2 protein chains.
Amino acid sequence: LTQATRGRSGLARTATSLSCHLEERAHAARAAAGLKAGLSHAPNMDGKERFVFFSLPHIAISSEGAVGQIQRPGREELSSACGALVGALKQFQSDKSSMDAHGEGSHDVADPEFTILKQRLAERIRSEGQDVDKMDLVDMTNLAQRAITADLETMIAATVDTVKQDYAVVTGVHIHSWGSAACGNATLEWIAPASIYVVTNGKRTSIDISVRRRQVVHW
Amino acid sequence: LTQATRGRSGLARTATSLSCHLEERAHAARAAAGLKAGLSHAPNMDGKERFVFFSLPHIAISSEGAVGQIQRPGREELSSACGALVGALKQFQSDKSSMDAHGEGSHDVADPEFTILKQRLAERIRSEGQDVDKMDLVDMTNLAQRAITADLETMIAATVDTVKQDYAVVTGVHIHSWGSAACGNATLEWIAPASIYVVTNGKRTSIDISVRRRQVVHW
């Protein structure tokens with residue numbers, strides 16, 4: 001793990017403001033029209049457009065080590081992160097038929113985001129040959145990270161023109177480690193990196209964050 | 001119109017950071033699970049939870065008065081806002097069958113947000129008895145505002161418990177009036193208010209922004 005930031009500043013803050021819910025993240029990665037619209041707003045005064053794509057499902061690991069639990073500021077009780085992944089995993093494990101509730105291209109009108117997310121997760125669980133009963137929240141979060149990254153890269157291939165556009169991709173899992181009042185209300189944010197790379201003039205260069213760990217920690 | 005802010009600070013900035021694309025706004029208003037999750041994160045240390053819901057589709061009116069056109073910072077050419085509404089209106093007017101491309105509860109897997117948005121707009125155009133050929137972007141934006149506000153209020157009724165939760169609703173249209181370099185690159189942001197009210201202890205009180213215009217302008 002790389003500690004990206006303390007006190008909700010820096011990279012983790014950017015990631016949080018970009019997308020607070022995994023549903024939105026999953027959507028962003030599959031919404032061609034929205035992605036194209038966003039790309040068309042980038043500065044282009046020197047003839048090149050440049051983007052950074054972040055793909056960061058989130059999970060909480062409390063200061064006491066509890067997976068999925070977060071002490072949100074001003075809240076008395078613990079709550080969950082990611083709530084959507086916790087909910088999907090619970091539904092899948094308690095009722096297998098919920099994995100087939102919606103086929104590709106169909107959704108619940110009152111709940112489009114969550115139903116499309118569940119459909120996508122169920123599809124990925126099958127294509128990876130996972131046994132959902134043996135999965136915990138960490139497994140589900142990592143699976144979501146792989147699914148979102150795959151969708152993001154598909155969308156980039158469909159929308160980005162590397163002749164006139166350069167871009168970077170930052171994927172991983174955003175980890176909230178927020179402490180209770182008893183632990184001094186620490187609000188540590190971490191990124192567990194998956195793949196980080198830039199594509200300039202069509203040439204891909206990987207960035208190995210582990211080499212720079214010391215530097216990043218000293219932010 | 002009420003000038004909410006200059007230089008991208010204040011209310012308009014909050015609105016922008018909350019939701020940059022109309023698709024997201026439309027989604028937020030219909031996503032029960034996501035809304036409930038958001039509400040469950042609010043501070044509750046004094047026993048009450050409090051929320052402010054914003055519903056603000058956006059439109060550009062350039063400093064030269066061109067409707068739908070925006071000079072984005074660092075971009076050479078003009079672009080559109082709201083791009084999704086411009087696109088939906090163009091599709092509906094050039095091909096009426098595009099209004100029926102997706103029934104309720106179905107979407108294009110590669111483009112869930114835009115197809116669900118179009119379905120919702122087509123439904124609203126019909127229920128209001130509008131003639132889409134006579135609509136311009138201002139009509140479409142106002143229709144979107146009414147649709148989103150109606151959906152938001154439906155979702156609030158389905159998720160908020162007024163015994164332990166107070167809330168405010170701010171609806172309207174967010175107007176970007178961004179100038180070209182020739183006009184000094186002004187970046188004025190306006191809100192055309194629709195309805196603004198608070199509900200405390202289950203009692204609704206309207207707020208008449210027009211009375212406070214002078215005060216707001218002097219922010």
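Since the model is a prediction, treat every value here as computed from it, not as a measurement. In what follows, chains are A, B, ... by sequence order, proteins preceding strands, each numbered from 1.
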Might you point out which heavy atoms bring A/Ser177 and A/Trp190 nearest each other, and give the distance in Å? CB-NE1, 3.9 Å
Strictly distance-based, threshold 3.5 Å: is any side-chain N or O of B/Asp136 a donor or acceptor partner for the main-chain N or O of B/Asp139? yes
Looking only at B/His102, B/Glu76, B/Arg75, most heavy-atom pairs under 4.5 Å shared with chain A are made by B/Arg75
Sorted by chain and residue number, the side-chain hydrogen bond (donor to acceptor under 3.5 Å, both in side chains) partners of B/Arg124 (sequence neighbours excluded) come out as B/Glu128
In terms of heavy-atom pairs under 4.5 Å with chain A, which of B/Ala158, B/Ser106, B/Gly105 leads? B/Gly105
Basic-acidic side-chain contact under 4.0 Å: A/Asp100, A/Arg126: yes
Starting at CD of A/Gln145, measure out to CG of A/Leu85 and round the result to the nearest 0.5 Å. 11.5 Å
Looking at chain A, which one of B/Ser79, B/Gly83, B/Ser40 has the largest number of heavy-atom pairs inside 4.5 Å, strictly under? B/Ser40
Which heavy atom of B/Pro73 sits nearest a heavy atom of A/Pro43, and at what distance? O-CG, 4.1 Å
Given A/Thr115, A/Ile70, A/Asn44, A/Asp46, the one with more heavy-atom pairs under 4.5 angstrom with chain B than any other is A/Asn44
If you look at every heavy atom in B/Leu137 and B/Thr141, which pair is closest and at what distance? O-OG1, 2.6 Å
Chain B neighbours within residues 87-95 of chain A, where any heavy atom lies under 4.5 Å away: none
Flag the pair A/Arg72 and A/Glu77 as a salt bridge only when some basic side-chain nitrogen lies within less than 4.0 angstrom of an acidic carboxylate oxygen. no
